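Below: one structure, written as structure tokens.
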Amino acid sequence: MRNNLDRDIKEAAGMLRNSNFTTAYTGAGISVESGIPPFRGKEGLWSKYDPRYLELNFFLSKPEESWKVIKQIFYDYFGKAKPNAAHLALAKMEQGGMLNRIITQNIDNLHQEAGSTNVYEFHGNSMKLVCLVCYRVFPYGEISLDHLPPRCPDCQGLLKPDFIFFGEAIPQKPLEAAYEAASRSDIFLLIGTTGEVMPANQIPPLAKQNGAKIIEVNTEESNYTNRITDLFLKGKAGEVMTKLEKELFTTPLKDD
Ligand code: NAD
């Protein structure tokens, strides 16, 4: 198994070196090694919390109740997390000209904290809060969560985390960036995503239809693996991406 992974890492590195446009498409799995659990699965957040707290209508009708749970999930887990080796490897790939774009379903800000700049957040960002009355956006650190629900310092409107709740549309900018990436990428590098979340899960198959090769990193097979994946790198994102980064940046192109 180990030898196969090493062989596949070399193959992935070769594909990435030859690509003119590479997109990384990341999901909750890339942040698991940073201490943030995914939503789904045995250890997933939905085994502990009721997802209805993230439904827009529920939030609007019971903001205090929703905010108590949101605070626990997003600001206790997410607030303390730091980028892991996989986030750092992607930032290094971008700096080295080997990664053109990150489309992430994550809302934890860890790609930006790792140093990536070309990041499009499909589902928004939990580290910002938006006023539902005047639409001003505030960094999480500027707003006290001692009294819930938090209110806009300017107009006293209800503040909501600036990520997409169930029942909300995907923002236009990341949607366009994702479709553009799907139309022009030679490689789509999927990391830690089940492919179960609509409509985000439609982007990788579209990239495949448009000729992209799909490299997938995951601890287990996803909805994509047997349908569109060309090269499956099984393992934890941090471990696999560390190997891939080493292969890309330290291994000579040809053996002497
Ligand atoms: P998911 O929760 O449905 O699936 C997570 C995937 O990661 C699974 O395929 C799992 O096998 C894989 N995985 C688990 N540990 C891994 C590891 N160490 N390395 C590599 N892969 C690993 O995630 P999803 O498909 O991204 O959908 C959930 C949605 O919920 C996302 O769209 C996102 O908006 C949101 N979410 C975000 C965060 C975050 O921002 N960190 C966390 C939880 C959920």
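Nothing here was measured: the structure is a model prediction, and the numbers come from that model. Hydrogens, waters and symmetry mates are skipped; everything else that's a heavy atom, side chains included, is used. When a ligand or atom number is given, it counts from 1 through the structure's own listing order.
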### Query
Residues in side chain to side chain donor-acceptor pair (under 3.5 Å) with Glu168, at least two apart?
Lys160

### Test: Asp186 and Lys213 ion pair at under 4.0 Å
no

### Message
Please confirm whether the ring centroid of Phe165 lies under 6.0 Å from the ring centroid of Phe59.
### Response
yes

#### Entry: Close residues, ligand 1: non-hydrogen atom nearer than 4.0 Å
Gly27, Ala28, Gly29, Ser31, Val32, Glu33, Ile36, Pro37, Pro38, Phe39, Arg40, Phe78, Gln105, Asn106, Ile107, Asp108, His123, Gly192, Thr193, Thr194, Val197, Asn218, Thr219, Glu220, Gly235, Lys236, Ala237

#### Entry: For Arg52, salt bridge (charged side-chain N to carboxylate O under 4.0 Å, His left out) partners two or more places apart
Asp50

### Query
In terms of side-chain heavy atoms, does His123 have a donor or acceptor partner in Thr104 at a distance below 3.5 Å?
no

### Task
Tell me, please, which residues at least two apart from Phe74 pass ring-ring contact (aromatic ring centres under 6.0 Å, His included).
Phe78, Phe163

